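One structure below.
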Protein chains: 2
Amino acid sequence: MIKPYKTVIVDDHPIVSEGLQVLFSQSKEVEIIRSFKTGAALLDYGSLGKVDIILLDIFLPDINGIDLCLKIKKSYPKIIILAMSSQSERSIVLQMIKNGANGYLLKSASLDEFKSCIHKAIEGELAFSNEVKGIVQKTNIHDLKAIPRLTRREKEILLLLADGKSTQEISDALFLSYLTVQTHRRNLLSKCQVKNVAELLKFAKENAL
Amino acid sequence: MIKPYKTVIVDDHPIVSEGLQVLFSQSKEVEIIRSFKTGAALLDYGSLGKVDIILLDIFLPDINGIDLCLKIKKSYPKIIILAMSSQSERSIVLQMIKNGANGYLLKSASLDEFKSCIHKAIEGELAFSNEVKGIVQKTNIHDLKAIPRLTRREKEILLLLADGKSTQEISDALFLSYLTVQTHRRNLLSKCQVKNVAELLKFAKENAL
DNA sequence: ATTTTTCTACCTGTTTTCAGGTATTTTTTA
DNA sequence: TAAAAAATACCTGAAAACAGGTAGAAAAAT
């Protein structure tokens, strides 16, 4: 008999973890051995090397699931990582795959889809829930334009912009010259190839910046 | 012996519904009799009048949970409605309570919290999960400034603004004069008492507009 | 049927953002 | 330690947003 795949869940919603645990409680193939509420808790887990599958929520209270995926895959490339999220932004899905995830599940997927995706991933396939499948398929390579890497300052200013702050308010808050903030703003728009702040915020959301 | 409370779940994530069903499968007090993925499905439900408790997700694919709550309470004031959400924006919580909800649970709440809140609600109390409790308590009446009611056109334009569209693009899309769109923009900012589009979007998000 | 609200559109300014440059200093990385 | 990247700051001009006003037509509510 085959040993079941040791599986952990990373999700800050107990209900979801619980639901998944029940879903696989009968399974002989998948055994949920632990669940974590934060990325940090997972990384602190001593026996991470012995884990076979991680069911990973994209939105965690501490760290971004996309970055966490990359981090895990660097240390333990063999672990099968299945991303879960309630959003299906194309760019997030693609980033996740680029970072080594073995699949992407929408939380609105049916339980059958959940199971079958996990099976697929075990068999070595990239597994997507139905809704995500469409999104991935209609993606040509041109859409894979690199997601710009923002500097610390730029992220800081992006946050304040999202808060509705004006250039003047930002320069006051960060003790910078008005002109400096203007430059950062310009660089943000230029890097993300957008034309105004609203579009920038949309872009940032879509790409989980 | 007391009859169990007939409870339905409205949530578009099967995992959550499933988790809740399992959580209460042993309970003699609460009996989950059905679950729905959309607000429309719930409203179509013939036996809605016989339901005692509704566990209602705020974000549904078709209708806003806040409006749905009001609608249900108008027809069936006796039904206990417990709101669930992964967000805890103060304004959303308060709106929900104003619309007659009997409690507000964060999805990140523990299962024990879930259970105890449902108990509280049954006893007639307003039930909040711990994180929400703090938010509600530190709310004075001044914070209850009325959420402005937006007209259909305003909502339409708000959506396009969130998409990063400029005034010109909006006027083209809606076949309106540039000046008309300008007026609507101004009214939006004025109604929401904000000074720019970014702040408007933040406000809209916080208030689930 | 009448009042109220919404949608439409215009005018006049001021302020802010956007877009193009350049350039020095500081910090990080190789 | 040298090279690269980031953060800082300034200048100029065009474009867009913001703020104040008014007002008639259309639609909705009473």
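A note on names: the letters A, B, ... follow the listed sequences, proteins ahead of strands, and every chain is numbered from 1. What you see is a predicted model; the values in this text were computed from it and never measured.
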Can you pull the contact range of chain B along DNA chain D, 5' to 3', using atoms under 4.0 angstrom from its heavy atoms? D:dA17 to D:dG21
Measure across A:Y5 and A:I122 and return the closest heavy-atom pair with its distance rounded to 0.1 Å. OH-CG2, 3.2 Å
Whole-Å distance separating the NE2 atom of B:H184 from the P atom of C:dC7: 6 Å
Please report the distance, rounded to the nearest Å, between CG in A:L188 and C1' in C:dT17. 14 Å
Take B:T38 and B:D12 through the test side-chain contact (heavy atoms from CB on, under 4.5 Å) and record every step on the way to the result. CA-CA 6 Å; B:T38 62; B:D12 59 326; over 6 Å; no
Please determine if a side-chain N or O atom of B:T180 lies less than 4.0 Å away from the OP1 or OP2 oxygen of C:dC7. no
Any B:T151 side-chain nitrogen or oxygen under 4.0 Å from OP1 or OP2 of C:dT5: no
When you check the phosphate oxygens OP1 and OP2 of C:dT17, does a side-chain N or O of A:Y178 lie under 4.0 Å from one of them? yes
Which pair of non-hydrogen atoms, one from A:D163 and one from A:K165, has the smallest distance, and what is that distance? OD2-NZ, 2.8 Å
Step by step, work out the side-chain hydrogen bond (donor to acceptor under 3.5 Å, both in side chains) result for A:N99 and A:Q95. CA-CA 6 Å; A:N99 283 3; A:Q95 274 185 78; 5.7 Å; no
Rounded interatomic separation in angstrom, taking NZ from B:K155 and C1' from C:dT5: 15 Å
Atom pair OG1 (B:T167) and NE2 (B:H184), whose distance is rounded to the nearest 0.5 Å: 11.5 Å
Less than 4.0 angstrom between a side-chain N/O of B:R153 and OP1 or OP2 of C:dT8, yes or no? yes
Exercise answer: donor-acceptor pairs, residues 47-69 of chain A side-chain atoms, under 3.5 Å, sequence neighbours excluded:
| from | atom 1 | to | atom 2 | distance (Å) |
| --- | --- | --- | --- | --- |
| A:D52 | OD2 | A:K6 | N | 2.7 |
| A:D57 | OD2 | A:K107 | NZ | 3.4 |
| A:D62 | OD1 | A:G39 | N | 3.0 |
| A:D62 | OD2 | A:G39 | N | 3.2 |
| A:D62 | OD2 | A:A40 | N | 2.8 |
| A:N64 | OD1 | A:I66 | N | 2.7 |
| A:N64 | ND2 | A:A208 | O | 3.3 |

Return the value, rounded to whole Å, for the distance between atom CD1 of A:I157 and atom P of C:dT17. 12 Å
What integer distance in Å separates A:Q168:CD from C:dT16:C1'? 11 Å
Give me the atom names and distance for the closest heavy-atom approach of A:Q87 to A:L106. O-CD2, 3.3 Å
Mind calculating the distance between CG (B:L176) and C1' (C:dC7) to the nearest angstrom? 8 Å
Of the non-hydrogen atoms in A:I79 and A:N102, which two are nearest, and what is the gap between them? O-OD1, 3.8 Å
Between atom CG in A:L179 and atom P in C:dT17, what is the gap in whole Å? 12 Å
Mark yes when over 12 heavy atoms from residues, nucleotides or ligands other than A:K73 sit less than 6.0 Å from its NZ; otherwise mark no. yes
B/S/- contact track for nucleotides 18-24 of chain C, protein heavy atom under 4.0 Å: BBBB---
